[in-house]
Amino acid sequence: MNHQTTYDCIVIGGGITGSALAYELAKRKLKVLLLEKDQFINNATTCSYGGLPYQAGTNPEISSLFAQSIQIYRHLSEELEQNIEFRELDLLLTIDSTENPQEVAQQYSQCHELPELLSVDSACKLEPLLNPESISGALRLSHAHVNATRVNMAYQDAFKRLSGEIRYEKVTDLIRRANQIQGVITNTNKYYCSHTIISAGGLSRFILESIGITSKIYFTNCVVLKVPAQKKLRLNVMLMPATIKRFTLEAKMSQTDLLWQKLTPESQESIVDVGAVQFRDGSIYLGQTSHIISDPFANLDLDWSQKQIKAGIERLLPKFVDLPFTAQNCLVAFSGDPNRPMMGAIPLWSGIYLFSGFTKTILLAPVLARALAEQIST
Ligand SMILES: Cc1cc2nc3c(=O)[nH]c(=O)nc-3n(C[C@H](O)[C@H](O)[C@H](O)COP(=O)(O)OP(=O)(O)OC[C@H]3O[C@@H](n4cnc5c(N)ncnc54)[C@H](O)[C@@H]3O)c2cc1C
């Protein structure tokens, strides 16, 4: 079937970025098509802890965006008419027993709100499930939490109520005339539009490459263990390591464009950041490993990740070690400059925008979607 319908906007990708943006565009009375390749979504958003570290901004521009975003989140359930499970939930950044607490705390000295440095005893009072022997202290940060999958679904449902259209088709090419993008080609159709927005997470760079644009947007292949609802165990906080190896990995791997030019199925580097979060229904995510594999479709061996996460969890949260789980992997986009959101019109082109790969995506998606929708609609 060949659709000749013309839209104001086509958004590629139905994760949190694409869904939030599609909703904001439809709210501004634009005719919008959201294209998602998978009917049963398994993407970065469905693997996300859903943490909203709104006090962790390290410069005035980012802190102001975080403050605006948390304001939106506080009222988002009402706006979208669906419960997104928003709540205040402390973030406890665990400091490994091999690390010096004062030195680690120093890494957070630029944060908008200075995290509180807790002794081992105080950290274990706040979170009694912690193994005191695994840490030398912890940092407590005011923080909020949502169920990212629910936020995503709430945005999509609200978008449909505004007459937005969602189709489950894979975008395979962009329709171009000189340096203007006029629409997209999917596995089954061709659609025309004035504005095409790429929100395809880890696959965004490949859509851009299809028209010869090399961008500083990369991706990790991440693994999380999803534990079904637990009635007897209750985490009081969201847990992450204070020294997050993923950030160091991303910074390093965004320096070497060569690595990304050739699709390689082997992992160039893999790290584990031991963390945990429990959702309102009692289910738990234990994470996470991050792998640098330039081929997004490479078959990831989940065994290594399972062993690494389980070993870390056994040390940090011994009562969690025998919980049943399903391991899931996904691509997570990141950019060369975590402090500069990758969003907006693509220079030297018209009709095409990128909305992906920015830091603290779950927190920033609502506020940045509003800003980009405003830019496109005026
Ligand atoms: C374990 C884990 C924990 C995390 N915790 C946090 C956290 O606490 N806070 C936080 O802010 N972030 C967190 N993140 C990161 C965050 O989840 C992601 O950055 C965010 O969900 C990315 O959203 P997205 O819309 O950009 O991408 P995705 O959710 O991956 O969505 C992109 C969509 O595009 C679709 N797509 C791709 N190509 C095409 C195509 N050609 N045609 C049609 N559709 C296409 C894909 O199928 C996918 O559904 C975490 C990530 C992981 C893995």
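Just the heavy atoms: all of them, side chains too, but no hydrogens, waters or symmetry mates, feed the values below. This structure is a prediction, so every number in the text was calculated from the model and none was measured.
A donor-acceptor pair under 3.5 Å links the side-chain atoms of Thr172 to the main chain of Ile185, judged by distance alone. With hydrogens and angles disregarded, no donor-acceptor distance shorter than 3.5 Å links the side chain of Thr220 to the backbone of Cys222. Side chain of Gln255 to main chain of Ala251: a donor-acceptor pair is present (N/O by atom type, distance under 3.5 Å, no hydrogens or angles). Formation of a donor-acceptor pair under 3.5 Å by the Asp273 side chain with backbone atoms of Lys245 is found in this model. Gln230 places a side-chain N or O within 3.5 Å of a backbone atom of Pro228 that can act as its donor or acceptor partner. With hydrogens and angles disregarded, no donor-acceptor distance shorter than 3.5 Å links the side chain of Ser122 to the backbone of Leu118. A donor-acceptor pair is defined here as one N or O able to donate and one able to accept, closer than 3.5 Å; no such pair exists between the side chain of Arg87 and the backbone of Leu89. A donor-acceptor contact shorter than 3.5 Å links the side chain of Asn236 to the backbone of Leu126. The main-chain N or O of Glu24 is found under 3.5 Å from a side-chain atom of Arg28 such that the two form a donor-acceptor pair.
When all heavy atoms of Ser199 and Thr17 are compared, the closest pair comes out as CB-OG1, 3.5 Å. Looking at every heavy atom in both residues, Ala242 comes nearest to Val104 through CB-CG1, 3.4 Å. Closest of all the heavy-atom pairs between Ser136 and Pro101 is O-CG, 3.3 Å. Summarising the geometry of Gln82 relative to Asp157, their closest heavy-atom pair is NE2-OD2, 2.8 Å, with the distance given to 0.1 Å. Across all their heavy atoms, Leu130 and Thr94 have their closest contact at CD2-CG2, 4.1 Å. The minimum heavy-atom distance between Ile207 and Ala200, with the atom names listed, is CD1-CB, 3.7 Å.
Between the side chains of Asp295 and Thr264, no donor-acceptor pair is found at a separation under 3.5 Å. Side chains of His75 and Ser77: no donor on one and acceptor on the other come within 3.5 Å. Using a 3.5 Å distance cut-off with no hydrogens or angles, the side chains of Asp121 and Ser119 do not pair a donor with an acceptor. Ser48 and Thr45 share no donor-acceptor pair across their side chains, judged by distance under 3.5 Å alone. Gln110 and Thr58 are not linked by any side-chain donor-acceptor pair at a separation below 3.5 angstrom, with hydrogens and angles left out of the test. In this structure, a donor-acceptor pair under 3.5 Å is absent between the side chains of Ser142 and Gln55.
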Take Ser194 and Asp8 through the test side-chain hydrogen bond (donor to acceptor under 3.5 Å, both in side chains) and record every step on the way to the result. CA-CA 5 Å; Ser194 310; Asp8 295 314; 4.9 Å; no
Pair Glu85-Arg150, salt bridge (charged side-chain N to carboxylate O under 4.0 Å, His left out): steps then yes or no: CA-CA 8 Å; Glu85 298 179 10; Arg150 280 185 179 265; 2.8 Å; yes
Audit row: Glu99, Thr243, side-chain hydrogen bond (donor to acceptor under 3.5 Å, both in side chains) steps and yes/no: CA-CA 9 Å; Glu99 294 177 303; Thr243 306; 2.6 Å; yes
List the steps and the verdict of salt bridge (charged side-chain N to carboxylate O under 4.0 Å, His left out) for Lys252 and Glu250. CA-CA 5 Å; Lys252 180 175 158 195; Glu250 290 177 358; over 6 Å; no
Would Thr378 and Glu374 count as a side-chain hydrogen bond (donor to acceptor under 3.5 Å, both in side chains) if you check the C-alpha gap in whole Å, the side-chain angles of each, and the deciding distance to 0.1 Å? CA-CA 6 Å; Thr378 47; Glu374 203 53 42; 5.2 Å; no
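Taking CZ of Arg370 as the start and OG of Ser69 as the end, the distance is 8.5 Å to the nearest 0.5 Å. To the nearest 0.5 Å, atom OG1 of residue Thr359 and atom CD1 of residue Ile62 are 7.0 Å apart. Atom CG in Asp173 sits 9.0 Å away from atom CD1 in Ile211 (nearest 0.5 Å).
For Tyr54 and Tyr73, the distance between ring centers is not under 6.0 angstrom. When ring centroids are compared, Tyr155 and Tyr23 come within the 6.0 Å threshold. In this structure, Phe206 has its ring center at least 6.0 angstrom away from the ring center of Trp260. When ring centroids are compared, His145 and Phe279 come within the 6.0 Å threshold.
At a threshold of 4.5 Å between non-hydrogen side-chain atoms, the residues Ile198 and Tyr353 do not count as touching. Side-chain contact check for Leu76 versus Val146: every heavy-atom pair is 4.5 Å or farther apart. Between Phe219 and Val332, the closest side-chain pair of non-hydrogen atoms is not below 4.5 Å.
No more than 12 heavy-atom neighbours from other residues, nucleotides or ligands sit within 6.0 angstrom of CD on Glu133. Counted within 6.0 Å of CG on Asp303, heavy atoms from surrounding residues, nucleotides or ligands total more than 12; the atom is thus considered enclosed.
When the options Ile271, Val274, Val272 are evaluated for a side chain to side chain contact (heavy atoms under 4.5 Å, CB included) with Gln308, the one that passes is Val272. The one candidate from Arg167, Lys170, Glu169 that meets the side chain to side chain donor-acceptor pair (under 3.5 Å) condition with Thr186 is Glu169.
Between Glu116 and Arg140 there is a salt bridge, since a side-chain N of the basic residue sits under 4.0 Å from a carboxylate O of the acidic one. Note on Lys160 versus Glu81: no salt bridge recorded, every NZ/NE/NH1/NH2 to OD/OE distance being 4.0 Å or above. Salt bridge present: Glu88 and Arg74 bring a charged side-chain N and a carboxylate O closer than 4.0 Å. At a threshold of 4.0 Å, the pair Arg205-Glu209 counts as salt-bridged, since one of the basic side-chain nitrogens sits closer than that to a carboxylate oxygen.
Between Phe334 and Tyr218, the ring planes lie tilted relative to each other; the angle falls in the 30° to 60° range.
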Could you tabulate the donor-acceptor pairs under 3.5 Å formed by side-chain atoms of residues 311-326, not counting sequence neighbours?
residue: Arg315; atom: NH1; partner: Asp96; partner atom: OD1; Å: 2.8
residue: Arg315; atom: NH2; partner: Ser97; partner atom: OG; Å: 2.8

Distance-only criterion, 3.5 Å: show the donor-acceptor pairs between side-chain atoms of residues 33-40 and protein atoms not counting sequence neighbours.
residue: Glu36; atom: OE1; partner: Gly14; partner atom: N; Å: 2.7
residue: Glu36; atom: OE2; partner: Asp38; partner atom: N; Å: 2.9

